[in-house]
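Written below as structure tokens is the structure these notes are about.
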Amino acid sequence: MFFDLNIPFQAHRTDNVVSLAAKLGYGGVALNHTIIGTFEPKDAKVLPNFKSESTISPLSIISTPPPSSSSSSSSPIHTTPIKKYRRLTIVLNEVSQVTHLNSNAMITDNFDIVAVQPTDEKTFVAACANADVDIITLDTSARLSFPLRPAIVHQATVRGVHFELNYSLSLRDPNTLKHFISTAVTLIRSTRGKYLILSSGALSDMELRSPKDIANLCSLFGLPFSIGKETVQKAPQAVVLHAELRSIPQGILKIVESSGPSWKTITDSELQPTGDTEPKPISTKGKNKSKSKNKNKNKNKDKKVESVQEGQKTKKPADTDKMEDS
């Protein structure tokens, strides 16, 4: 399943972009609402409430079989209903906004996916280290004002947070294409091509591209087609699963069935005990043998001492007889 996790919500244009995304083969899209600074209660009412229509379900994402070749050849239009997710992106201007984000329960209750966009090095470091989010998006319209150090980036990826680049900005203005490629190359060096997603950020259907086009776009960054395809397939899927796990309260374990290879099953014969079920006493044969050997050695030593003493006693009378004869 392919995903586009950043379609800015517009009242009159979003439906056209979503319908085109379904035709291009996308199975899930995220309608995005961007705010600057601190979240307010009124921001929760901007996006339409379609949470009951498409709740994030790891089972539906993992176990959904890919479309067959016959169906794809006969009907190129994607007929499966597209999944919609509610996304919030917060532009960080201060480090304190990260603390406010982590402690605000209204964000988790009203949005499926949460992203932040740092504006300087301090907010970038705070977002990678402490922000309880799913995505860290980078502004590619201009040159980044802070470095993407691998050690700082690793603090985010080790927590399952992904980094996002939006390609529609480079389509609007050709001058931003060099900034887009430069940021992508720097980010790939820090992440080694992992934990990277490409989203459209499309304001109109003309700025939307197919998943194959995006995979080919990644060749500009030095990524092969197979890894470029993961930026719109496996990586966004991991983001959706991370968002689901983040919304689950701590201390609750959720078991998810997977369509991967099954584990080896244990037969009844392997479970049955092979001998007596009662615990066997600890054998002391070795200890007893060593003790008996030590006792025998001591006895032999005593016998040798006694024999020597008896020999000395038997020699004394012979010596006295010799003195008498003399």
Side-chain angles (χ1 to χ4, degrees), residues 3-9 14 28-58 61 83-120 122-140 152-153 155-166 187 191 195-201 231-232 235-250 252 254:
F3 295 85
D4 188 351
L5 297 184
N6 186 10
I7 295 181
F9 176 73
T14 304
V29 296
L31 302 186
N32 183 29
H33 174 54
T34 303
I35 63 174
I36 299 176
T38 307
F39 176 81
E40 297 181 2
K42 64 179 182 180
D43 296 322
K45 302 178 181 180
V46 175
L47 296 178
N49 188 10
F50 47 80
K51 203 162 186 176
S52 60
E53 175 186 347
S54 62
T55 307
I56 294 179
S57 177
I61 297 173
K83 296 180 180 295
K84 299 177 184 178
Y85 307 117
R86 294 164 56 93
R87 168 177 165 172
L88 175 68
T89 301
I90 302 176
V91 179
L92 299 177
N93 294 325
E94 298 177 359
V95 178
S96 60
Q97 295 170 356
V98 175
T99 305
H100 182 269
L101 165 65
N102 296 338
S103 61
N104 197 330
M106 290 187 63
I107 297 177
T108 305
D109 296 339
N110 292 278
F111 296 94
D112 301 319
I113 300 173
V114 181
V116 292
Q117 179 178 327
T119 56
D120 53 15
K122 292 182 179 180
T123 55
F124 178 71
V125 172
C128 292
N130 302 319
D132 188 12
V133 296
D134 309 305
I135 298 172
I136 296 177
T137 183
L138 300 177
D139 184 15
T140 58
I152 303 300
V153 172
Q155 293 180 358
T157 57
V158 75
R159 298 187 296 113
V161 181
H162 285 63
F163 290 87
E164 179 190 55
L165 298 176
N166 297 296
L187 183 60
T191 61
Y195 299 94
L196 173 65
I197 63 173
L198 289 181
S199 303
S200 65
T231 60
V232 290
Q237 175 178 316
V239 170
V240 174
L241 295 178
H242 182 270
E244 168 69 8
L245 295 176
R246 181 181 50 81
S247 61
I248 298 175
Q250 295 181 359
I252 298 177
K254 188 169 185 178

Do [X] side-chain atoms and [Y] backbone N/O form a donor-acceptor pair below 3.5 Å?
X: N102; Y: D132; value: yes
X: D4; Y: S200; value: yes
X: R86; Y: L47; value: yes
X: N104; Y: L101; value: no
X: R159; Y: A131; value: yes

Return the minimal non-hydrogen interatomic distance between [X] and [Y], and the atom names on each side.
X: T119; Y: L92; answer: OG1-O, 2.7 Å
X: P236; Y: L5; answer: CB-CD1, 3.8 Å
X: G160; Y: Y195; answer: CA-CE2, 4.4 Å
X: M106; Y: A44; answer: CE-CB, 4.5 Å
X: A30; Y: I113; answer: CB-CD1, 4.3 Å
X: F9; Y: V46; answer: CE2-O, 3.7 Å

(request) List for me each residue that meets side chain to side chain contact (heavy atoms under 4.5 Å, CB included) alongside T38, sequence neighbours excluded, and say none if there are none. (result) Q97, H100
I want to check something: taking the side chain as every heavy atom from C-beta on, are [X] and [Y] in contact at a cut-off of under 4.5 Å?
X: K83; Y: V240; value: no
X: P8; Y: T34; value: no
X: V153; Y: F124; value: yes

(message) My understanding is that only one of V29, D112, N6 makes a side-chain contact (heavy atoms from CB on, under 4.5 Å) with R87; could you say which?
(response)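 Exactly one pass, corresponding to N6.
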(message) So if I apply the side-chain contact (heavy atoms from CB on, under 4.5 Å) rule between C128 and each of I152, V161, V116, T123, which one comes out positive?
(response) I152
(message) Is it true that, when you exclude I35 itself, more than 12 heavy atoms of the residues, nucleotides or ligands shown sit nearer than 6.0 Å to its CD1?
(response) yes
(request) Hey, can you tell me if F39 and F111 have their rings parallel, tilted or perpendicular (30° and 60° cut-offs)? (result) perpendicular
(request) Identify the residue among T140, T89, T137 that makes a side chain to side chain donor-acceptor pair (under 3.5 Å) with E164. (result) T137
Got a second to check how far [X]'s [atom1] is from [Y]'s [atom2], nearest 0.5 Å?
X: L187; Y: L165; atom1: CG; atom2: CG; answer: 5.5 Å
X: N32; Y: S199; atom1: CG; atom2: OG; answer: 9.0 Å
X: Q117; Y: N93; atom1: CD; atom2: CG; answer: 9.5 Å

(request) Start with the C-alpha distance between F163 and T157, add both sets of side-chain angles, then the distance that settles side-chain contact (heavy atoms from CB on, under 4.5 Å), and finish with yes or no. (result) CA-CA 9 Å; F163 290 87; T157 57; 4.0 Å; yes
(message) List the residues meeting side-chain hydrogen bond (donor to acceptor under 3.5 Å, both in side chains) with S96, not counting sequence neighbours, and say none if there are none.
(response)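 S96 satisfies side-chain hydrogen bond (donor to acceptor under 3.5 Å, both in side chains) with E94 only.
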